Amino acid sequence: MPKALIVRFSSIGDIVLTSPVVRCLKLQTGMEIHYLTKQSFTNILTANPHISKVYTIRKDLSEVLPDLQQENYDYLIDLHHNLRTFLLKTRLWRVKSYAFPKLNFEKWLLTNFKINRLPHLHIVDRYMETVRSLGVQNDGKGLDFFIKEEVKAAGIPFTKYVALPIGAGQNTKALTIEKIVQFCQLCPYPIVLLGGKNEIAKAEQIIQQLASSAAKKVINQVGKCSLAASAAIVKKAQVVVTGDTGLMHIAAAFRKPIVSVWGNTIPEFGMSPYFPKGVHLNHSIQVANLSCRPCSKIGYERCPKGHFRCIAQIEVVEIMAAVDKFWHLKPAP
């Protein structure tokens, strides 16, 4: 049986976005699939039935290189395409490798000069192009995210609710405390706040600023759940309101209605929620015609201009209107 190593070191959303490559490569070729990533992202992959083995590193390729060299791979699928993967390919030089184009120059043009030379192509489709010469085609089934059976959406007293991740990889991609408080006060539906330990203080401020009537319908799960448990909460949500973050892509993998709010990044980078062919469950909200946007393909801790208009000018009533539109939809199976 041919054997392939797929490489994507980070981060949560980017790894989830590689899942169609994993599935299609496995099911269409029968190859044994291994995956190399950073140790902190192992749990995203271990429950995936299409992956036979997950290799991880903390800091350096030397941690796994001897083991990888013993595997005798037929193919190396480089979905990260950076200096580290270049070094990996030089050490596994006998292995036929394929790498996806990162379009760094095109993104630099757009962020610095607002010249858009990016193709109208989602990053998933660019990932899929990497394996096209192996006879693999996109099956149109969207993203995958697998949760172990014992992981449940614990501690949620509501059967129907809005899941709201309050953070992101960078602050300029997330809603501010003020906007989240406004939304929680306006929204008549139960809300579950999600996030990691680094967002605990932000969640506490949100709860403190809510009026008592609004606070009763808000459950704070920030810093209390593993990624798998947060994903389980997203899976059972009626609607997910989120910035450009990993849980947005996990929500898309579960075919959940998504209200995606875009700050300094833009959907045109090819990272919008990716659904199966024919499924349209995303409503994007962003400030149009803002001359400083996008300012980065990743984001910043603080707005470089100091005004943060890309989030400050977001209308909470628009978010609420989009949530209302999705609230009565029949949940995906």
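Since this is a predicted model, take the numbers as computed values, not measurements.
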Do [X] and [Y] touch side chain to side chain, with heavy atoms closer than 4.5 Å?
X	Y	value
Ile166	Ile180	yes
His307	Cys292	yes
Gln137	Gln28	yes
Asn171	Tyr300	no
Ile319	Leu186	no
Gln69	Leu92	yes
Phe275	Ile258	yes
Pro190	Val162	no

Main chain of [Y], side chain of [X]: is a donor-acceptor contact present, judged purely on distance under 3.5 Å?
X	Y	value
His249	Leu17	no
Gln238	Leu329	yes
Arg126	Pro101	yes
His50	Leu27	no
His34	Leu5	no
Lys160	Trp327	yes
Thr245	Met248	no
Lys114	Pro294	yes
Asp60	Glu63	no
Lys217	Tyr189	no

(request) Just do the side-chain contact (heavy atoms from CB on, under 4.5 Å) check on Leu76 and Lys96 with the steps written out, would you? (result) CA-CA 6 Å; Leu76 192 159; Lys96 187 169 181 60; over 6 Å; no
Atom of [X], atom of [Y] and distance for their closest heavy-atom approach:
X	Y	answer
Leu25	Ala4	CD2-CB, 4.1 Å
Val54	Leu45	CG2-CB, 3.9 Å
Gly263	Ile311	CA-CD1, 3.7 Å
Val240	Pro165	CG1-CD, 4.2 Å
Leu194	Ser230	CD1-O, 4.0 Å
Phe41	Ser11	CZ-CA, 3.8 Å

Just how far is it from atom [atom1] of [X] to atom [atom2] of [Y], taken to the nearest 0.5 Å?
X	Y	atom1	atom2	value
Trp262	Ile285	CH2	CD1	12.0 Å
Met1	Thr29	CE	OG1	9.0 Å
Met271	Ser260	CE	OG	12.5 Å
Ile12	Leu227	CD1	CG	5.0 Å
Asn138	Cys24	CG	SG	5.5 Å
Asn220	Ile206	CG	CD1	8.0 Å

Please check if [X] and [Y] belong to a single hydrophobic cluster, counting links between Ile, Leu, Val, Met, Phe, Trp and Tyr side chain heavy atoms closer than 4.5 Å.
X	Y	result
Tyr35	Leu88	no
Leu109	Phe269	no
Val7	Ile123	no
Val64	Tyr73	yes
Leu118	Phe105	no

Side-chain H-bond candidate by donor/acceptor type, [X] with [Y], under 3.5 Å:
X	Y	result
Tyr274	Asp125	yes
Asn48	Thr46	no
Asp144	Ser19	no
Lys297	Asn104	yes
Tyr127	Arg8	yes
Thr37	Thr56	no
Gln286	Arg293	yes

(request) Measure from the ring center of Phe326 to the ring center of His283 and say whether it is less than 6.0 Å. (result) no
(request) Test Lys3 against Glu71 for salt bridge (charged side-chain N to carboxylate O under 4.0 Å, His left out), laying out the working first. (result) CA-CA 8 Å; Lys3 189 166 21 176; Glu71 290 283 1; 2.8 Å; yes
(message) Using the rule given for side-chain contact (heavy atoms from CB on, under 4.5 Å), can you reason through Ile33 versus Ser52, listing the C-alpha separation, both sets of side-chain angles and the distance that settles it, and then say yes or no?
(response) CA-CA 6 Å; Ile33 307 297; Ser52 299; 5.6 Å; no
(message) Check this for me: Lys107, atom NZ, are more than 12 non-hydrogen atoms of other residues, nucleotides or ligands nearer than 6.0 Å?
(response) yes
(message) With a 6.0 Å cut-off (strictly less than), is the heavy-atom count around CD of Glu315, excluding the residue itself, greater than 12?
(response) no
(request) Classify the angle between the aromatic ring planes of Tyr75 and Tyr98 as parallel (below 30°), tilted (30 to 60°) or perpendicular (above 60°). (result) tilted
(message) Does the plane of the ring in His80 sit parallel, tilted or perpendicular to the ring in Phe9? Use 30° and 60° as the thresholds.
(response) tilted
(request) Please lay out, stage by stage, how Ser97 and Asp78 fare under the test side chain to side chain donor-acceptor pair (under 3.5 Å). (result) CA-CA 7 Å; Ser97 63; Asp78 178 6; over 6 Å; no
(request) Please report the C-alpha distance between Arg132 and Glu129 in whole Å, then the side-chain angles of each, then the deciding distance to 0.1 Å, and finally whether the salt bridge (charged side-chain N to carboxylate O under 4.0 Å, His left out) criterion is met. (result) CA-CA 5 Å; Arg132 181 185 295 176; Glu129 286 185 346; 3.8 Å; yes
(message) What verdict does the side-chain contact (heavy atoms from CB on, under 4.5 Å) test give for Ile207 and Val218, after you've listed the backbone C-alpha separation in whole Å, the side-chain angles of each residue and the deciding distance to 0.1 Å?
(response) CA-CA 8 Å; Ile207 297 299; Val218 177; 3.8 Å; yes
